[in-house]
Amino acid sequence: MSHSFAAERVHVRAPGKLNVFFAVGAVQEDGYHDVASAYQAVSLYEDVWAEHSADFTIAISGTVDISGVPADDRNLAVRAARLVAQRIGHTGGVHLEIVKHVPVAGGMGGGSADAAAALVACDALWGADLGSAELHRLAVRLGADVPFALMGGTAVGVGRGDQLSPALAKGRFDWVIVPSDGGLSTPEVYAHLDVLRADPDISRAGQAPAVDPGVLQALRAGDPAALAARTKNDLQAAALSLRPDLRTALELGDASGALAGIVSGSGPTLAFLAGSAESALELQVTLSAAGFEALHVHGPVPGARVMGV
Ligand code: ATP
């Protein structure tokens with residue numbers, strides 16, 4: 001199939017995410033855990049530029065440590081581009097330029113955001129016009145968090161986290177993000193959770209996880225205090241057990257006006273929910289003064305979208 005080129009260069013921006021609620025159930029036959037997640041896309045973005053090329057190439061830069069990011073076919077953005085090419089029968093390649101702001105291996109879905117951005121960018125660059133349902137199908141094949149990076153906003157995800165339904169959220173939620181050096185491997189954190197749960201006292205295998213309706217109500221009402229009371233992350237105990245040093249920042253945030261402090265996804269990034277933009281700013285100043293990197297972000301924000309051609 002041949003497609004007329006729709007643009008010479010396309011710029012797409014995709015957001016990082018927080019799991020404002022994350023329940024982990026039993027391991028399924030496919031080896032994945034059954035999860036129930038409430039996602040919120042936040043204003044920490046990945047920027048991807050795509051331009052025509054004979055091959056599939058990638059250049060990566062950013063404001064975060066990018067040393068753990070593969071710059072070859074293992075990169076999720078390159079895999080996304082190849083998937084679009086394969087789907088439409090495009091015989092050339094693409095050059096992707098990625099500028100990362102989401103901490104790598106931080107539990108905020110940065111790689112997934114790059115993949116979602118690459119799907120949208122290649123679709124526009126090659127004039128494929130696949131439509132959101134087809135892009136979603138391709139996203140599912142790339143990873144559990146990729147569909148949400150496409151969709152953005154606030155959503156509930158079940159199954160592997162990729163069976164998504166949008167959730168209503170009113171107003172804006174202010175968060176202070178504390179990235180952390182070193183990263184945590186998502187499979188390692190799940191494996192550690194399984195070890196912790198082997199203790200019969202805390203074992204929960206067999207229960208189908210669900211998002212607490214109180215979380216959805218708090219999001220709908222735009223009520224950060226109510227959300228703070230209901231937020232939880234089943235991966236938190238495992239992440240903190242692998243990285244006990246994270247407790248210092250968690251305790252400081254709790255003592256400095258945060259409504260809640262959670263490990264984001266599989267960590268090690270921490271997310272503190274603030275009652276307002278002003279209190280987020282105060283929290284950011286306190287955490288920074290104590291030597292922690294602290295970023296003030298807000299959500300919900302849109303999913304992967306074309307910023308310019
Ligand atoms: P999630 O929350 O979705 O589990 P994460 O935010 O913890 O993911 P990512 O930054 O998405 O972690 O990356 C995890 C690993 O994936 C990296 O350590 C890296 O080896 C690999 N990877 C592949 N493509 C990318 C990419 N475009 N950006 C970052 N990492 C990538």
Sidechain-backbone polar pair: Thr269 side chain, Ser264 backbone, donor-acceptor under 3.5 Å
no

Do Gln86 and Leu83 touch side chain to side chain, with heavy atoms closer than 4.5 Å?
yes

Would you mind checking if Asp30 and Arg160 are paired as a salt bridge, meaning a charged N to carboxylate O distance below 4.0 Å?
yes

Would you say that Pro103 contacts Leu44 through its side chain, given a criterion of any heavy-atom pair below 4.5 Å between the two side chains?
yes

Donor-acceptor check, side chain of Asn75 to backbone of Pro70, threshold 3.5 angstrom: yes or no?
yes

Ile60 and Asp114: side-chain contact (heavy atoms from CB on, under 4.5 Å), yes or no, with the steps?
CA-CA 11 Å; Ile60 305 159; Asp114 297 343; over 6 Å; no

Backbone N/O of Ile262 and side chain of Gln236: donor-acceptor pair under 3.5 Å
no

Can you tell me how far CZ of Phe21 sits from CG of Leu216, rounded to the nearest 0.5 angstrom?
9.0 Å

Spacing of NE2 belonging to His192 relative to CZ belonging to Arg197, to within rounding of 0.5 Å
12.5 Å

Return the CG to NZ distance between Asp145 and Lys17, rounded to the nearest 0.5 Å.
4.5 Å

Consider only side-chain heavy atoms of I, L, V, M, F, W and Y, link residues closer than 4.5 Å, and tell whether Val42 and Val156 are in one cluster.
yes

Would you say Asn233's side chain and Val263's backbone share a donor-acceptor pair under 3.5 angstrom?
yes

Test side-chain contact (heavy atoms from CB on, under 4.5 Å) on His90 and Leu125; report intermediate values, then the result.
CA-CA 11 Å; His90 179 72; Leu125 187 75; over 6 Å; no

Test item: Val20 and Phe173 side chains (from C-beta on) under 4.5 Å apart, heavy atoms:
no

Judged by atom type as modelled, is there a donor-acceptor pair below 3.5 Å linking the side chain of Thr286 to the main-chain atoms of Glu282?
yes

Would you say Met108 and Val64 are hydrophobically clustered, going by side-chain heavy atoms of ILVMFWY under 4.5 Å?
no

On a heavy-atom basis, the closest approach of Ala118 and Ala80 is CB-CB, 3.9 Å

I'd like to know if the side chain of Tyr39 and the backbone of Gly161 have a donor-acceptor N/O pair within less than 3.5 Å.
yes

Do Arg82 and Asp73 have side chains that get closer than 4.5 Å, going by heavy atoms?
yes

In sequence, state the C-alpha distance, the side-chain angles, and the governing distance for Trp126 and His52, and then conclude on side-chain contact (heavy atoms from CB on, under 4.5 Å).
CA-CA 9 Å; Trp126 297 329; His52 299 287; 3.9 Å; yes

Distance alone, cut at 3.5 Å: any donor-acceptor contact between the side chains of Thr186 and Ser266?
yes

I need the minimum non-hydrogen distance between Leu96 and Ala81, along with the two atoms involved.
CD1-CB, 4.3 Å

Provide the closest heavy-atom pair for Gly275 versus Pro224 in the form atom of the first, atom of the second, distance.
O-CG, 3.9 Å

Checking side chain to side chain contact (heavy atoms under 4.5 Å, CB included) between Leu130 and each of Val120, Leu138, Leu119, which is the one that passes?
Leu138

Going by distance alone, is a donor N or O of one side chain under 3.5 Å from an acceptor N or O of the other, for Ser67 and Asp65?
yes

For residues Ala155 and Met151, report the shortest heavy-atom separation together with the two atoms involved.
CB-SD, 3.8 Å

Could you give me the CA-CA distance, side-chain angles and deciding distance for Asp212 and Lys232, then say whether salt bridge (Lys or Arg N to Asp or Glu O under 4.0 Å) is met?
CA-CA 10 Å; Asp212 178 350; Lys232 78 151 183 172; over 6 Å; no

Group every Ile, Leu, Val, Met, Phe, Trp and Tyr by side-chain heavy-atom contacts under 4.5 Å, then state whether Val301 and Val146 land in the same group.
no

Mind jotting down which residue pairs meet the side chain to side chain donor-acceptor pair (under 3.5 Å) criterion with at least one end in residues 172-182? Sequence neighbours excluded, please.
Gln40-Trp175, Arg172-Asp174, Asp174-His296, Ser180-Arg243

In this structure, are over 12 heavy atoms from other groups packed under 6.0 Å from Arg9 atom CZ?
yes

Taking all heavy atoms of Pro15 and all of Ala304, pick out the closest pair and write down the distance.
CD-N, 4.0 Å

Indicate yes or no for a side-chain donor-acceptor contact from Ser43 to the backbone of His298 under 3.5 Å, with no hydrogens or angles considered.
yes

Please determine whether residues Trp49 and Ile98 belong to a single hydrophobic cluster, defined as Ile, Leu, Val, Met, Phe, Trp and Tyr linked transitively by side-chain heavy-atom distances below 4.5 Å.
no

Mind checking whether Val84 and Val94 have side chains closer than 4.5 Å, heavy atoms only?
no

Keeping the roles fixed (side chain from Thr231, backbone from Leu227), state whether a donor-acceptor pair exists under 3.5 Å.
no

Nearest 0.5 Å, what's the CD-CZ distance between Glu46 and Arg13?
10.5 Å

Linked, directly or transitively: Leu283 and Leu250 (ILVMFWY side chains, under 4.5 Å):
yes

Do side-chain atoms of Asp162 reach the backbone of Gly157 as a donor and acceptor pair under 3.5 angstrom?
no

When rounded to the nearest 0.5 angstrom, what distance separates OG in Ser256 from CD in Gln284?
13.0 Å

Minimum heavy-atom separation for Gly267 to Leu184, with atom names?
O-CB, 3.7 Å

Is any side-chain heavy atom of Glu134 closer than 4.5 Å to a side-chain heavy atom of Arg87?
yes

Using only atom types and a distance under 3.5 Å, with no angle test, would you say the side chain of His101 pairs donor to acceptor with the backbone of Tyr45?
yes

Approximate separation, where rounding is to 0.5 Å, of Leu273 CG and Leu18 CG:
9.5 Å

With side-chain contact (heavy atoms from CB on, under 4.5 Å) as the test, would you mind laying out the steps for Asp72 and Val78 before giving the verdict?
CA-CA 7 Å; Asp72 53 26; Val78 177; over 6 Å; no

